[in-house]
Amino acid sequence: MEQLTVALLAPPDAGLTAWNLDAEHPFPEINDKPHTILFKLLRRWKCQAKIKLQKYTSTYVVPLINIQSNSGVQVPQLLNFDPRASTLISSDLGNLTELGQFFTPLRYLRVDSVAIVRQPQPIPFYVTRWELGSQRSRQAYFTMLGTRLGTFLAHLHGHRWQQRGQEEASHIEGETTDLEERIRRLHQNLMVARDSRQFPIDQLDVEEAIDKAIAVLRADISRINHPDE
Amino acid sequence: MDLSSILVDMPDNLQDSAALKMGVISWARASLRGRGLDGDMANLIGDLEVHRVVVDHHRQVGLLRLGQDSPYDFEFYHQALVALTESIIQAYKKNSDWLRKLPKRSKVNKDFMVEPGAFGRIRNRRGYSTSLLLLERSAFLTVGFRLLESAFENTFLCLDPMCNLPDGTHTPTQRDCVVVQKILKRGSWYLKRAGSSYDDFARKLNRRAIKRAWQWDGGRGEGRPWLPRLFSRPDHKYGD
């Protein structure tokens, strides 16, 4: 595992090859222990990666790392970045659970890749345990999550680099194409639903209304076509 | 941003929640253009609204039709959704430059009823390229889109025996399923309130409809839509 980690983290121009930390010392002339060297190298590469990323993306990415300290929300640390190889390596946040998993019992998931199989999802074990706890402690837990997240997002969206990003960054082709594709799919679904009368949609059952809603969504994708800007 | 981008500690004992770790991932899809209020926040609220439909419906029919043997505690999910969403909105409003720096007494903030002559002045007030009303309308569109898209592309729990589901499962193509209809109704409410243009959205009647949740499927009081709370004044009362 150490071999793999070191090989992955070695910058391409460093000239280092992978080594086994338990078997051999990478630099016998240095008195530091191998793990200390690894940490020092990691620190140095982090600095290099930040500089590279800053150059690559103009100026407004790195402050993201500092926002987490104000809100109690962590983000993956940047470890290495290679624009030539289109590779970005970041740290792991540890053993945490997706918040979406808490709500999986309210959904059915696609289980099989060939056929769509829907079946009730089991209730997560922590939910069944929490039901035994007091309502007050449960409320405090979710309030704490929401407060941290709201603070984090507000700082993130209000940061100078974000606002500069609005003004300076050019049209992001991939994102817009993706959204256009999603809107096109929604349009098709709405029309099929209207034709087959699967959904008695009283507000969207007229073709003109659907077309209008889709046109407005398309115009909103990039705000470029908005009449007020 | 959606719920799968947020990582949290799920402890066995909630009493120790003060020292919990929390993280946000999936920055590969983050946009440098910074669609904040009408991007991350609107998508997040849209996701929460979708789950809220499922919970609301089962809470409403629970006593009448579901019976005592249902393994799901919908009151519990309701508490979680409400606490999570309200605290996100409150914390965001408290810390957001976009929302906090607006002057308290202005034509845009007073019940959000903008008079026609005030558009240009409000839009240029803080040097931002977009006005708050423009962002709000964009957020309405995003939430509406999210709800409609979810109705077709995801599947939801439906234990309502009125749906007559053959095997207890629920698909998006299920005709007359109340959960799906409610998701569609709420999604179309957001799109309808967004209007076909910025002027439609800023119209006095539309602002009043948003404030009082006219034609909203979820009822009054606690059941009102969540997104307008994000843009309301701090002292604005929703209980009327």
Side-chain angles (χ1 to χ4, degrees), chain A residues 72-76 93-94 96-100 103 105-108 118-119 123 126 129-131 133 135 137-151 153-155 157-158 162-163 165-167 169 172 175 182 186 189 198-199 201 203-204 212-213 216-217 220 227-229, chain B residues 3-4 6-10 12 14-15 17 21-25 31-34 36-37 40-41 51 54 71-73 76-77 79-80 83-84 87-92 95-98 129 134 138 141 145 148-149 152 154-157 169-171 173 175 181 184 188 191-192 194 196 198:
Chain A
V73 175
Q74 295 182 321
V75 295
L93 291 182
L96 299 173
T97 313
E98 284 179 15
L99 185 59
F103 297 106
L106 304 179
R107 300 192 297 261
Y108 292 98
R118 300 181 172 96
Q119 58 186 23
I123 300 174
Y126 36 79
R129 288 189 190 179
W130 289 352
E131 285 172 0
Q135 181 183 337
S137 61
R138 293 191 312 235
Q139 205 149 4
Y141 173 75
F142 285 102
T143 305
M144 186 266 307
L145 290 187
T147 306
R148 283 192 194 177
L149 189 62
T151 309
L153 287 175
H155 286 149
H157 297 156
Q162 192 89 358
Q163 291 173 22
Q166 279 195 330
E167 292 163 11
I172 298 177
E175 186 202 352
R182 285 166 57 198
L186 174 65
N189 283 330
Q198 283 172 342
F199 302 113
I201 316 167
Q203 293 164 7
L204 281 174
K212 193 183 280 183
V216 167
L217 283 169
D220 187 63
D228 297 291
E229 284 193 321
Chain B
L3 292 176
S4 58
I6 303 162
L7 300 181
V8 293
D9 256 347
M10 293 282 187
D12 290 344
L14 285 177
Q15 302 293 337
S17 60
K21 278 176 69 178
M22 188 175 176
V24 175
I25 57 167
S31 163
L32 294 181
R33 290 183 304 146
L37 267 172
D40 287 340
M41 278 302 282
H51 290 95
V54 182
Y72 301 96
D73 185 351
F76 174 57
Y77 282 108
Q79 286 168 16
L84 188 66
S87 53
I88 287 175
I89 289 175
Q90 279 177 14
Y92 193 91
N95 294 285
S96 168
D97 284 347
W98 294 95
S129 61
L134 199 61
S138 187
L141 289 168
F145 175 65
L148 292 181
E149 190 186 35
F152 292 104
N154 295 325
T155 52
F156 302 98
L157 180 70
T169 59
H170 170 217
T171 68
T173 54
R175 185 174 178 171
Q181 285 176 31
L184 286 168
S188 59
L191 289 189
K192 194 178 178 187
S196 55
Y198 176 75

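Naming convention: chains lettered A, B, ... in sequence-line order (proteins, then strands); numbering from 1 in each chain.
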With a 4.5 Å cut-off on side-chain heavy atoms, are A:His155 and B:Asn95 touching? yes
What heavy-atom pair brings A:Leu106 and B:Val54 nearest, and what distance separates the two atoms? O-CG1, 4.0 Å
Of all heavy-atom pairs between A:Gly146 and B:Ser87, which one has the smallest distance, and what is that distance? CA-OG, 3.2 Å
By side chain to side chain donor-acceptor pair (under 3.5 Å), B:Glu149 pairs with (sequence neighbours left out) A:Arg182
Hey, can you tell me if A:Phe103 and B:Tyr77 have their rings parallel, tilted or perpendicular (30° and 60° cut-offs)? tilted
Find the distance between CE (B:Met22) and OG1 (A:Thr147) and round it off to the nearest 0.5 Å. 9.5 Å
What's the separation between atom CG in A:Leu153 and atom CE in B:Met41, rounded to the nearest 0.5 Å? 6.5 Å
Could you grab the distance from atom CE of A:Met144 to atom CG of B:Leu84, nearest 0.5 Å is fine? 10.5 Å
Chain A heavy atoms under 4.5 Å from B:Val8: which part of the residue, side chain, backbone, both or neither? both
Find the distance between CG (B:Leu7) and CD (A:Gln74) and round it off to the nearest 0.5 Å. 10.0 Å
Evaluate the side-chain proximity of B:Ile6 to A:Leu145: yes if any heavy-atom separation is below 4.5 Å, no if none is. no
